[in-house]
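What you are looking at is a predicted structure, and each value in this text was computed from that prediction instead of being measured. Note on naming: letters A, B, ... go to the chains in the order of the sequence lines (proteins, then strands), and numbering restarts at 1 for each one.
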Amino acid sequence: MSHSTLDVAAIRTQFPILSREIDGQPLVYLDSANTSQKPRAVIDAMSRFMEQSYAPINRSAYRLAAEATDAYEGARSAVRRFVNAPKVHELIFTKNATEALNLVAMCWGRANLQRGDVVVLTHMEHHANIVPWHMLVAERGIELRWVPLTADGQLDLTTLPQLLDGAKAFSFTAMSNVLGTITPVRELCRAAHDAGAIAIVDGCQYVPHNVTDVQAWGADFLAFSSHKLCGPSGIGVLWGREALLDAMPPFLGGGNMIADVRLDGFTTAELPAKFEAGTPPITEAIGLGAAIEFLEGIGMTEIRRHEMQVADYALRTLTERFGDDITIHGPTNVEHRGATFSFAFRDIHPHDLSQVLDQRNVCVRAGHHCAKPLMRVLGAAATARASFYLYNDESEVDVLADALDSATDIFGF
Amino acid sequence: MSHSTLDVAAIRTQFPILSREIDGQPLVYLDSANTSQKPRAVIDAMSRFMEQSYAPINRSAYRLAAEATDAYEGARSAVRRFVNAPKVHELIFTKNATEALNLVAMCWGRANLQRGDVVVLTHMEHHANIVPWHMLVAERGIELRWVPLTADGQLDLTTLPQLLDGAKAFSFTAMSNVLGTITPVRELCRAAHDAGAIAIVDGCQYVPHNVTDVQAWGADFLAFSSHKLCGPSGIGVLWGREALLDAMPPFLGGGNMIADVRLDGFTTAELPAKFEAGTPPITEAIGLGAAIEFLEGIGMTEIRRHEMQVADYALRTLTERFGDDITIHGPTNVEHRGATFSFAFRDIHPHDLSQVLDQRNVCVRAGHHCAKPLMRVLGAAATARASFYLYNDESEVDVLADALDSATDIFGF
Amino acid sequence: MPGLDDLYREIILDHYRSPRNRGELPPPASHAVGHNPLCGDEIEVYLDVQDGIVTDIKVGGQGCSISQSSASMMSQAVKGKPVAEVRALVHRFKSMMSIEEADEDAPEVKLGDLEALQGVVKFPVRIKCAVLAWNTLTEALSTSDAGGDTTR
Amino acid sequence: MPGLDDLYREIILDHYRSPRNRGELPPPASHAVGHNPLCGDEIEVYLDVQDGIVTDIKVGGQGCSISQSSASMMSQAVKGKPVAEVRALVHRFKSMMSIEEADEDAPEVKLGDLEALQGVVKFPVRIKCAVLAWNTLTEALSTSDAGGDTTR
Ligand SMILES: Cc1ncc(COP(=O)(O)O)c(C=O)c1O
Ligand SMILES: Cc1ncc(COP(=O)(O)O)c(C=O)c1O
């Protein structure tokens, strides 16, 4: 593996919270798969916008409003570039990835799925890519099929053609938020299309850590969140192919999404306004644009390379130090995974583990990670999860390992 | 009328953008009914939160996450206090008021409305309180009835009992975003209940400018947006009575809103999580809490008194200076209106008018204000709208009037 | 900042005050309606196309001086022209508004009075107003039985 | 910051290692399941109530040391008690967890081993863990035919 090109120390100085100490100990933030921290560039872009340029979007005609609208639409262009979408109006700002996935299920689903129609999911999906489909099961009697997993936490593709046979949609994550597994998105999109299904990609975990190219993938929809890629909370993204978006009924009704409203009905606006009802997350779009520029400035290829290196170090360190006492889920080859690790440690319940790690200011998530079906497959009700990002380095793997040692002292039975 | 107790000059210094000049002229921001500007307290609360305390909400157990969760839930408590809701878990954070109204129409509506059921709206509703109901008309054949207006832009209540007869819901604005009209909310709620209907209040324009008390009103639902009350974009609020919210099906599906998810279905979480799918607008909630504290610090009673005074001055000044050349829509008695004025000026199209005003850095909105049905009632395709808030004063009324004069020079035909 | 006289040229105000070709055409004239959701402007275009020629055009709707004068000037400019030329003119106008790339190889198309709208480019928010009529025209063209239309 | 020994008292770890009253009861025992959505903890409570007395209780589920030990201690504390007393104990426990107001006039209820959970209050995030069993108990009580329950 090539050596990391990231200057993590320099990057860390750009994240104000990372110099915060609690009880005199530095913050070891290993919960970025949950939500990421924000660099100065993002915080400042939002403050500056509110201090100097805040105004309504797309509604008023004075210069301040035009300036704000340009900034907002500029963020949309940045997102387009970031995921290499063909057209800028194919990008819809939502409140989070969950809303983006619900939008697809509700609007594309209601327009295209009838009783008995099949949607294929995988056993490693986040609830955000399960529950909206459950709702369609309840509402219109569609059928869900599930791609199972291999022993090392990859998708088991041996029965994929059968599962996809007759399916209308295949919705899957590009990277598991629990296992860290990176799925073969291009291959999965092709398999979906071969079966006549559309391909919906949950990019929440993938997009913040990798170069994303929806055209190279051949995907039909992509959903992801700003808050996991150093951007603000309160905004997410749905990208969809123009023809699909154009053919879908609208989602929420209200201002901005209409062409005309009468007492007896309404007509919808063009893309992207059609799917952006009401006042959008204006300042948040500016922040998202700044986050994308920040990440591009560092380089997504470099970020991925750095995380592979950290992942490799973490796998080696934890297995060397704890052997059979630790079970790390997911692939062992860092080519097939990101730097997100769910693990079981001795018999210590993840919640207790996270409590003990928190004494050393090591922040990991304990729980089901919004992936209960996957937890049942793993045979665990909960796991602890440590997830690394561009601002984490190998030394934090060591701190994590030391903190795990201290848990043994308390629960050493 | 009692004299204003607001020190507007001091308030203005707290809004950084208000000291911005464009082309050497101060900003005369008269578009707060569209979206309001942000005080330093809100901008700083958000920056500080991202710099020191940002972390996931309700998901992780370490101290940083607990601190962030406390801050987020603290904002919910502030909102409860601000509108005097009975219970804190009756408050749902949405992305904007539009989503809040859609949530009511979709979840309460789908559970309670059958073909032929009646929902009553008014002719002065914003598209956000019309289009979601149109969608239910299309989806399940409900019937909409409309409360008409009097000549001076108030609700004409003479036929209200007949309109409400047999209705299931009455959804109305507490203050018109076009006319400025304040509606008799308590009386309307009582009339709804007398008819066996629930009362849904669109508080977007009212809540930022008045003391709000949902219990005194006897309302069942209230929707409003943060961005119109000095808070950030990207967050809105739905308040609903616990019993109604509990009985409703969920809205979006995903993380946080579930109790359990299996391959074959899911169960929902308790309030408020049930209606907050996915990662919420965390930093935005902090900002909203700060905005509420900012407004409370000044006093909603005082803000209302100040705006009545400005409204009174605006009505007098504009009619004195322009006589028949100006038509101001809505009530002339400031007891029945806020400081939002839609007007027609000579034969100059509102869009041209706003362009000319913009030359003097006077920001007004020109258009249909997301209330096309009302525009048809007014017989205008568009109006110009000047809306005043706590940071505006009488001198800006004069600037507006002077700028209107200059429009005559160009379009003097 | 650009001055208002760049925007409100006398000829624009003249077309605004006295719009040309105002009215409707009965079927089988093709018909399209365009909205500017920003400000509520509406343009209706009625089009008679015979043997690939725009034999008649009428314009309805209401809106600001820019959208209405643009519609009025447009109606004058396209009346009697072959559809192919009309499409070229649409393209030429939109590239003047800087929302389509100018086409170097395109045959020279005369803008005439329409040049007066050039100043709108300095007021980006108003570009939509100026272009509304032209988009509506394009829509009316594509719904017409423009058999002679070989430009696409 | 409070130390971990405040949280992980020996008696808590003992109940965690060797949970009491673990198992199920057949119908007509009342049954309730509680989830902590935060961490995925689950508690199942089975309850036999006869003549207003909790004659038997069994506890199932899985979770962290705090939720499991709290459930185990709870089962010991309520077994054989009148429903009214059980409800009083629930209230007493929740006020120790500072999520219900202490009731000055309430009859003194002994917490016994449960006092060991006092330290949880210093770790607010864990209060939900400690209380999960108790909320599930309350649910099981209200679904039981607790005819002798006159406390409400
Ligand atoms: C794989 C995956 N999908 C969807 C989501 C939902 O994202 P959000 O909570 O931002 O809506 C998440 C994160 O929580 C995720 O990790
Ligand atoms: C009366 C009224 N209702 C609803 C809305 C919609 O609010 P938002 O755009 O924040 O969703 C607005 C503002 O645009 C409004 O003025």
With a 4.5 angstrom heavy-atom cut-off, is it the side chain or the backbone of B:Asp260 that approaches chain A, or both, or neither?
both

Between B:Met50 and chain A, with a heavy-atom cut-off of 4.5 Å, which part of the residue counts as in contact: side chain, backbone, both or neither?
both

Can you tell me if A:Lys38 uses its side chain to pair, donor with acceptor, with the backbone of A:Ser36 under 3.5 Å?
yes

Side chain, backbone, both or neither: which part of A:Pro280 has an atom under 4.5 Å from a heavy atom of chain B?
backbone

Heavy-atom distance under 4.5 Å to chain A: side chain of B:Ala366, backbone, both or neither?
backbone

Specify which of B:Pro56, B:Ala138, B:Ala277, B:Pro16 makes the most heavy-atom pairs with chain A at under 4.5 Å.
B:Pro56

Is the ring pair B:Tyr62/A:Tyr29 parallel, tilted or perpendicular, if the boundaries are 30 and 60 degrees?
perpendicular

Does a side chain donor of either A:Asn96 or B:Thr279 reach within less than 3.5 Å of an acceptor in the other side chain?
no

For the backbone of A:Gly254 and the side chain of B:Thr98, can you confirm whether one donor and one acceptor N or O come within less than 3.5 Å of each other?
no

Proximity breakdown for A:Met375 and chain B, heavy-atom pairs closer than 4.5 Å:
neither

Report the option among A:His134, A:His127, A:Arg365, A:His126 that has the most heavy-atom pairs separated by less than 4.5 Å from atoms of chain B.
A:His134

Using a 4.5 angstrom heavy-atom cutoff, name the option from A:Leu263, A:Leu101, A:Thr94 with the most pairs to chain B.
A:Leu263

Between B:Gly234 and B:Pro281 the two heavy atoms that sit nearest each other are O-CB, 3.4 Å

Short question: side chain of A:Asp358, backbone of A:Asn361 - any donor-acceptor pair under 3.5 Å?
no

Among A:Ile43, A:Ile17, A:Thr35, which residue has the highest count of heavy-atom pairs closer than 4.5 Å to chain B?
A:Ile17

Which one wins on heavy-atom pair count under 4.5 Å against chain B: A:Ala371, A:Cys363, A:Ala55?
A:Cys363

Could you look at B:Val137 and say if it's the side chain, the backbone, both or neither that has a heavy atom under 4.5 Å from chain A?
neither

Select one option (side chain, backbone, both, neither) describing which atoms of B:Arg262 are under 4.5 Å from chain A's heavy atoms.
both

Could you tell me which portion of A:His123 (side chain, backbone, both or neither) has an atom closer than 4.5 angstrom to a non-hydrogen atom of chain B?
side chain

Where on B:Val42 is there a heavy atom nearer than 4.5 Å to chain A: the side chain, the backbone, both, or neither?
neither

B:Leu27 portion near chain A, given a 4.5 angstrom heavy-atom threshold
side chain

Can you measure from CD (B:Glu125) to CG (B:Asp202) and round to the nearest 0.5 angstrom?
6.5 Å

Between B:Pro373, B:Pro39, B:Ala105, B:Pro249, which residue shows the highest count of heavy-atom pairs closer than 4.5 Å to chain A?
B:Pro373

Per-residue contact mode, A:Leu252 against chain B (heavy atom under 4.5 angstrom)
both

Hey, could you give me the NZ/CG distance between B:Lys95 and B:Asn102, rounded to the nearest 0.5 Å?
9.0 Å

Portion of B:Ile282 that has a non-hydrogen atom of chain A nearer than 4.5 angstrom:
both

Contacting moiety of A:Arg40, where chain B heavy atoms sit under 4.5 Å
side chain

Most chain A-contacting option - heavy-atom pairs closer than 4.5 Å, from B:Ser354, B:Gly278, B:Gly253
B:Gly253

Looking only at heavy atoms, what is the nearest atom pair of A:Pro250 and A:Phe275, with distance?
CA-CE2, 3.9 Å

If you count heavy-atom pairs within less than 4.5 Å of chain A, which of B:Ser53, B:Gly236, B:Pro232 leads?
B:Ser53

Contact origin within B:Glu51 toward chain A - heavy atom pairs under 4.5 Å
both

Under a plain distance cut-off of 3.5 Å, with no hydrogens placed, do B:Ser233 and A:Glu284 share a side-chain donor-acceptor pair?
yes

B:His368: which residues meet the side-chain hydrogen bond (donor to acceptor under 3.5 Å, both in side chains) condition with it, sequence neighbours left out?
none

Option that, when pairs with chain A are counted at under 4.5 Å, heavy atom only, ranks first among B:Asp31, B:Ile130, B:Val362, B:Thr283
B:Asp31

Against chain A, label B:Arg48 side chain, backbone, both or neither, depending on which of its atoms sit under 4.5 Å from a heavy atom there.
neither

Interface check, chain B: of A:Leu357, A:Leu144, A:Asp264, most non-hydrogen pairs under 4.5 Å belong to A:Asp264

Under 4.5 Å from any heavy atom of chain A, what part of B:Met106 do you find: side chain, backbone, both or neither?
neither

Answer yes if the side chains of B:Asn34 and B:Ser387 hold a donor-acceptor pair under 3.5 Å, and no otherwise.
no

Run the side-chain contact (heavy atoms from CB on, under 4.5 Å) check on B:Leu288 and B:Phe93 step by step: do they pass?
CA-CA 10 Å; B:Leu288 171 56; B:Phe93 287 132; 3.9 Å; yes

What part of A:Gln355 is in contact with chain B, defined as an atom under 4.5 angstrom from a non-hydrogen atom: side chain, backbone, both or neither?
neither

Could you tell me which residues satisfy side-chain contact (heavy atoms from CB on, under 4.5 Å) with B:Asn256, sequence neighbours excluded, listed by chain and number?
B:Asn58, B:Ala273, B:Glu276

Okay, A:Glu67 and chain B: the region with an atom under 4.5 Å from a heavy atom over there is side chain

